[in-house]
Amino acid sequence: MINFRYHVVSLTAVFLALAIGLVVGTAALNGPVADSLKENVNALRKDNQQMRQTVNNLERELEMEEDFAAEIAQVVLPGRLAGKRVLVLSLPTGRDHTEGVVKMLQLAGADVTGRVDLQDKFINPDNNNNLLELAVTAARPTSAPTSGLPGNGHGVETSSALLASVLLDRSPGAAPVSEADRRAVLAAYSNAGYLTTEDRVTGAAEAVVVVSGQPYVDKDSAKKDESVVKVAEQFDRTGAIVVGGTGSAGGNLVAIVRGDPVLTQTISTIDNANTIQGQLVTTLALVQQLNEKKAGQYGVGDNAASLLPRLPQ
């Protein structure tokens, strides 16, 4: 008869056998497993070192490419825009690389008549009615009669038309804008917090470079992106225009212009103006606009025609 002692002895024997098996198995596998793990760790360490070196090399190559672009700009740009009056209009999304664009224009000999930075308040759809009212009160008979402004109820479009009329050359036959009127209009928008100016605007320009960036992503992004396009369209109606942007997808200004068969005929775009290379190309695109009356789409995006315009010797 099987008694309690028998069960105890049997269970003890089973657990003893398991313990002995674990000890023996661990001893048998410890060497190969440890060696395998060590080899894997060493391999991963080498891969990590190689990746780190690759990243360092790519960063160095990028720095060298930017250095090359900066040096080649010293060769190809001087005198290209001599005597040309250029306005720089900076959108909120393009603020970080506006200064680089200005420096390239100056290197080319452009007379930068001023830099105007539109503020987020100008693009905000909540200020539509205020912009409409301001356009009416800021306009003066000799600068931009209210009858000549868009009448569709779009505040950004109306105000952009007014600003373009005082910042760019007017059409042949139109009365020139007096310095007093130009200052008055800019002061009205500046005092209301819609724009700021770097130094004083010295006069009317014959061309404008609009510096933009990535598309908006907030709840009002669609309306804001639409407003940015309205700005470009109104300045395009008045003078030669180049858009120096960042990227060409997601609904930003560059993407919208390139997707419009009408706007691409008159507005040049550069999709990497946040780099020295793109700032150089932005300037060359303006040279092409002013000398050849030709627009082009340049940069590194899939929808760019080429890296840079081909200019005549």
Side-chain angles (χ1 to χ4, degrees), residues 86-105 112-132 134-135 138 154-164 166-168 185-199 201 205 207-236 238 241-258 263 267-275 278-279 282 286 299 301:
V86 182
L87 169 74
V88 176
L89 184 67
S90 172
L91 298 177
T93 56
R95 206 77 80 220
D96 290 343
H97 51 278
T98 299
E99 187 62 31
V101 171
V102 172
K103 289 181 178 179
M104 285 291 181
L105 293 172
V112 179
T113 60
R115 169 181 166 178
V116 176
D117 295 341
L118 294 184
Q119 301 302 307
D120 286 310
K121 185 177 180 180
F122 191 93
I123 307 298
N124 193 326
D126 293 339
N127 298 318
N128 183 73
N129 292 335
N130 291 335
L131 283 172
L132 286 171
L134 184 59
H154 198 294
V156 170
E157 183 173 19
T158 302
S159 288
S160 296
L162 175 60
L163 291 173
V166 300
L167 292 171
L168 299 180
V185 171
L186 290 175
Y189 282 89
S190 178
N191 292 338
Y194 287 107
L195 61 80
T196 59
T197 57
E198 293 286 334
D199 300 324
V201 176
V208 58
V209 175
V210 177
V211 188
S212 68
Q214 297 288 354
Y216 288 94
V217 295
D218 58 17
K219 64 181 180 63
D220 294 321
S221 60
K223 292 181 179 179
K224 290 182 177 180
D225 288 335
E226 177 189 2
S227 292
V228 167
V229 176
K230 295 294 185 184
V231 173
E233 287 177 341
Q234 290 305 311
F235 277 85
D236 180 41
T238 309
I241 177 174
V242 171
V243 174
T246 305
S248 58
N252 70 347
L253 181 55
V254 172
I256 293 175
V257 170
R258 291 182 179 180
L263 295 179
I267 300 180
S268 297
T269 63
I270 294 83
D271 59 41
N272 60 335
N274 58 315
T275 67
Q279 292 158 12
T282 299
L286 183 60

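All residue numbers in this chain count up from 1 along the given sequence.
Note: Leu253 CG to Glu233 CD = 9.5 Å, rounded to the nearest 0.5 Å. With values rounded to the nearest 0.5 angstrom, Asn130 atom CG is found 10.0 Å from Asn124 atom CG. Distance CE/Met104 to CD/Glu99: 12.0 Å, rounded to 0.5 Å. With values rounded to the nearest 0.5 angstrom, Ile241 atom CD1 is found 8.0 Å from Leu89 atom CG. One distance of note links CG of Asn128 with CD of Glu157; it measures 10.5 Å at 0.5 Å rounding.
Side chain of His97 to main chain of Gly278: no donor-acceptor pair is present (N/O by atom type, distance under 3.5 Å, no hydrogens or angles). A donor-acceptor distance shorter than 3.5 angstrom exists from the side chain of Asn252 to the backbone of Ala255, with no hydrogens or angles considered. For the pair Ser268 (side chain) and Val242 (backbone), a donor-acceptor distance under 3.5 Å is absent. Between the side chain of Ser159 and the main chain of Leu131, a donor-acceptor pair closer than 3.5 Å is present. Judged purely by atom type and a 3.5 angstrom limit, Ser160 uses its side chain to pair as donor or acceptor with the backbone of Val156. At distances below 3.5 Å, at least one donor-acceptor pair connects side-chain atoms of Asn127 with backbone N or O atoms of Lys121. In this structure, Gln119 contributes its side chain and Tyr194 its backbone to no donor-acceptor pair below 3.5 Å. Under a 3.5 Å cut-off, the side chain of Thr275 and the backbone N or O of Asn272 do form a donor-acceptor pair. Checking side-chain atoms of Asp236 against main-chain N and O of Ala232 turns up no donor-acceptor pair under 3.5 Å.
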For side-chain contact (heavy atoms from CB on, under 4.5 Å), just list the numbers for Arg115 and Thr197, CA-CA rounded to whole Å, side-chain angles, deciding distance to a tenth of an Å, and then say yes or no.
CA-CA 6 Å; Arg115 169 181 166 178; Thr197 57; over 6 Å; no

Residues Arg258, Asp271; criterion salt bridge (Lys or Arg N to Asp or Glu O under 4.0 Å); working and verdict:
CA-CA 10 Å; Arg258 291 182 179 180; Asp271 59 41; 2.9 Å; yes

Audit row: Phe235, Ile267, side-chain contact (heavy atoms from CB on, under 4.5 Å) steps and yes/no:
CA-CA 10 Å; Phe235 277 85; Ile267 300 180; over 6 Å; no

Step by step, would you call Asp218 with Lys224 a salt bridge (Lys or Arg N to Asp or Glu O under 4.0 Å)?
CA-CA 9 Å; Asp218 58 17; Lys224 290 182 177 180; 2.6 Å; yes

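Pairing each heavy atom of Leu91 with each of Arg95, the nearest pair is O-NH1, 3.2 Å. The heavy-atom pair separating Gly247 from Val254 by the smallest distance is O-CB, 3.6 Å. When all heavy atoms are compared, the tightest approach of Gly244 to Thr282 is CA-OG1, 4.1 Å. The two residues Ala135 and Thr158 have their closest heavy-atom pair at CB-CG2, 3.7 Å. The nearest pair of heavy atoms linking Leu87 to Gly114 is CD1-O, 3.4 Å. For the residue pair Asp225 and Ile256, the shortest heavy atom distance occurs at O-CD1, 4.3 Å.
Taking the six-membered ring where tryptophan is involved, the planes of Tyr189 and Phe122 are tilted, since the angle between them lies from 30° to 60°.
In this structure, the side chains of Val208 and Val88 stay at 4.5 Å or more apart for every pair of heavy atoms. Using a 4.5 Å heavy-atom threshold, the side chains of Leu167 and Val116 count as touching. With a 4.5 Å cut-off on side-chain heavy atoms, Val211 and Thr93 do not count as touching. The closest side-chain heavy-atom distance from Val243 to Ile270 is not below 4.5 Å. Here the side chains of Ser227 and His154 are in contact, with some heavy-atom distance below 4.5 Å. Put simply, the side chain of Leu186 reaches to within 4.5 Å of the side chain of Leu163, judged on heavy atoms. Leu195 is not listed as a side-chain neighbour of Asp117, based on a closest heavy-atom distance of 4.5 Å or more. For the pair Gln234/Thr238, no side-chain contact is recorded, criterion being any heavy-atom separation below 4.5 Å from C-beta on.
Within a 6.0 Å sphere centred on NZ of Lys223, heavy atoms belonging to other residues, nucleotides or ligands number 12 at most. Shown here is Asp220, whose CG atom has more than 12 heavy atoms of other residues, nucleotides or ligands within 6.0 Å.
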